[in-house]
Engineer: 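This is the structure I have questions about; it appears just below.
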Amino acid sequence: MKVIAINGSPRKGWNTETLLKKALEGAGAAGAETEMVHLYDLKFRGCVSCMACKLQNGKSLGRCVQRDELTPVLERLHEADAVILGSPIYFSEVTGEMRSFIERFLFQYLNYDDFRKPLSPAKKCAWIYTMNCPEELFDQMGYHNLFQRYENWMKLYFGHCETLLATDTMQVADYSRYHLGRFDAEAKRLRHETVFPQDCQKAFELGRRLVAEN
Ligand SMILES: Cc1cc2nc3c(=O)[nH]c(=O)nc-3n(C[C@H](O)[C@H](O)[C@H](O)COP(=O)(O)O)c2cc1C
């Protein structure tokens, strides 16, 4: 079984990549072969609406024909048994690179003849998000809808998706060096030391579950 994690954060070693690594560790512990892809290391564009993936009688039906550094990743994802997508929240959305990736990953499979029957192979899927926002503000920020929308797309295209949220994350190692007066540095540190390890454990379990329940 092959599990691929897609890191939509530009920062290696920070919250999002740490959780994705834990999820892959869990998948590995359950016997899967694992791979991490860093979107910010790749030169690629979002969908350019060439429509080649919708051509009648074309061999490109259901497959993206754009050629760039995302192409081999999309090929490996097509064959993978599970995919774990990770993104920080930027301005109440996934990051720009993650959004461009989603356009390329999903549009090739979209079936305009019948939206309910996409051209994608079944897979286990998961989303992992990290954000400054505490859960108490989700209603006010509309975040429940955001996470539900992305989860629903993955369920529609691949048949399975679960979501893990790491909220109120630590944004920098030393808050005293930055203009970040809105945040309580001590509370952030404490949360990072007590809650984030629990998030890491949840990510590990998530990765293990994706493989064990396959
Ligand atoms: C450009 C930018 C925009 C951000 N916008 C939001 C936001 O809208 N909501 C939020 O909760 N956090 C926001 N954040 C904070 C990040 O989501 C948070 O620090 C996240 O955990 C960073 O992930 P990383 O540690 O993997 O880089 C933003 C950060 C940046 C750099």
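Just so you know, ligand 1 is whichever comes first in the structure, and atom 1 is the first atom listed for that ligand. Just so it is clear, the values below take in all heavy atoms, side chains as well, and ignore hydrogens, waters and symmetry mates.
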Engineer: Checking a contact table here: which protein heavy atom is nearest atom 23 (O) of ligand 1, and how many Å away?
Structural biologist: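 I find the closest protein heavy atom is T130 OG1, 3.1 Å.
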Engineer: Which residue is it: Q201, K202, R209? I am looking for the one with a side-chain hydrogen bond (donor to acceptor under 3.5 Å, both in side chains) to E205.
Structural biologist: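 Exactly one option meets the side-chain hydrogen bond (donor to acceptor under 3.5 Å, both in side chains) with E205, and it is Q201.
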Engineer: So, for Y157 and F105, is the gap between ring centers shorter than 6.0 Å?
Structural biologist: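 Centroid separation for Y157 and F105: 6.0 Å or greater.
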Engineer: Show which atoms of ligand 1 fall inside a sub-4.0 Å distance from at least one heavy-atom site of P88.
Structural biologist: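 Contacts of ligand 1 toward P88, numbered from 1: 17 (O), 20 (C), 22 (C), 23 (O).
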Engineer: Are H78 and L74 packed together at the side-chain level, in the sense that at least one heavy-atom pair is separated by less than 4.5 angstrom?
Structural biologist: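 No - every pair of side-chain heavy atoms lies 4.5 Å or more apart.
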Engineer: Please report which non-hydrogen protein atom sits nearest to atom 5 (N) of ligand 1, along with the residue it belongs to and the distance in Å to one decimal place.
Structural biologist: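 Looking only at protein heavy atoms, the one closest to atom 5 (N) of ligand 1 is F91 N, 2.9 Å.
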Engineer: Set out, in order, the CA-CA distance, both residues' side-chain angles and the distance that settles side chain to side chain donor-acceptor pair (under 3.5 Å) for Q148 and Y143, then state yes or no.
Structural biologist: CA-CA 8 Å; Q148 196 59 60; Y143 282 6; over 6 Å; no
Engineer: Near S92, which atoms of ligand 1 are under 4.0 Å from a heavy atom of that residue?
Structural biologist: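 Ligand 1 atoms under the 4.0 Å threshold to S92: 7 (C), 8 (O).
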Engineer: Flag the pair D68 and R104 as a salt bridge only when some basic side-chain nitrogen lies within less than 4.0 angstrom of an acidic carboxylate oxygen.
Structural biologist: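 Result for this pair is yes, salt bridge flagged.
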Engineer: Enumerate the atoms of ligand 1 whose separation from the nearest heavy atom of R11 is less than 4.0 angstrom.
Structural biologist: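 Listed by number with element, the hits are 24 (P), 25 (O), 27 (O).
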Engineer: Using a strict 4.0 Å cut-off to heavy atoms of T16, name the atoms of ligand 1 that fall inside it.
Structural biologist: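 Those qualifying, in numeric order: 23 (O), 24 (P), 26 (O).
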Engineer: What I want to check is whether the side chains of K21 and N7 have a donor and an acceptor closer together than 3.5 Å.
Structural biologist: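 On atom types as modelled, these side chains do not qualify, holding no pair under 3.5 Å.
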Engineer: Test of understanding: given a 4.0 Å heavy-atom threshold, classify the contact between S9 and ligand 1 as side chain, backbone, both, or neither.
Structural biologist: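 Answer for S9: side chain.
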Engineer: Between K124 (side chain) and E213 (backbone), is there a donor-acceptor pair under 3.5 Å?
Structural biologist: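 Here the side-chain-to-backbone pair exists.
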Engineer: Counting only heavy atoms, which portion of T169 has something under 4.0 Å from ligand 1: side chain, backbone, both, or neither?
Structural biologist: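 T169 to ligand 1: side-chain contact only, backbone stays beyond 4.0 Å.
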Engineer: Heavy-atom contacts under 4.0 Å between F138 and ligand 1: side chain, backbone, both, or neither?
Structural biologist: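 The answer is neither.
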Engineer: Using a 4.0 Å cutoff against the non-hydrogen atoms of C133, which atoms of ligand 1 qualify?
Structural biologist: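 Once the distances to C133 are compared, the set is 10 (C), 11 (O).
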Engineer: Return the residue, atom name and 0.1 Å-rounded distance of the protein heavy atom closest to atom 2 (C) of ligand 1.
Structural biologist: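 In this structure, atom 2 (C) of ligand 1 has Y90 CD1, 3.5 Å as its nearest protein heavy atom.
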Engineer: Quick test: of every protein heavy atom, which one is nearest to atom 19 (O) of ligand 1, and how far off is it to 0.1 Å?
Structural biologist: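 For atom 19 (O) of ligand 1, the nearest protein heavy atom is Q171 CG, 3.5 Å.
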Engineer: What protein heavy atom is closest to atom 10 (C) of ligand 1, reported as residue, atom name and distance in Å?
Structural biologist: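 For this ligand atom, the closest protein heavy atom is N132 N, 3.6 Å.
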Engineer: Starting from atom 25 (O) of ligand 1, locate the nearest protein heavy atom and write down its residue, its atom name and how far away it is, to 0.1 Å.
Structural biologist: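 Answer for atom 25 (O) of ligand 1: N15 ND2, 2.8 Å.
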Engineer: List the closest protein heavy-atom neighbour of atom 14 (N) of ligand 1: residue, atom name, distance to the nearest 0.1 Å.
Structural biologist: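 Ranked first by proximity to atom 14 (N) of ligand 1 is I89 O, 3.2 Å.
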Engineer: Just say parallel, tilted or perpendicular for the rings of W127 and Y129, cut-offs at 30° and 60°.
Structural biologist: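 The arrangement is parallel - the two ring planes meet at less than 30°.
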Engineer: Do side-chain atoms of T34 reach the backbone of V3 as a donor and acceptor pair under 3.5 angstrom?
Structural biologist: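 Side chain of T34 to backbone of V3, a donor-acceptor pair under 3.5 Å: no, none is there.
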Engineer: In plain terms, say whether E103 and R45 are close enough for a salt bridge, that is, a side-chain N and a carboxylate O under 4.0 Å apart.
Structural biologist: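 Salt bridge: no.
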Engineer: Taking only heavy atoms of Y143 into account, list the atoms of ligand 1 that are under 4.0 Å away from them.
Structural biologist: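 Those atoms are 7 (C), 8 (O), 9 (N), 10 (C), 11 (O).
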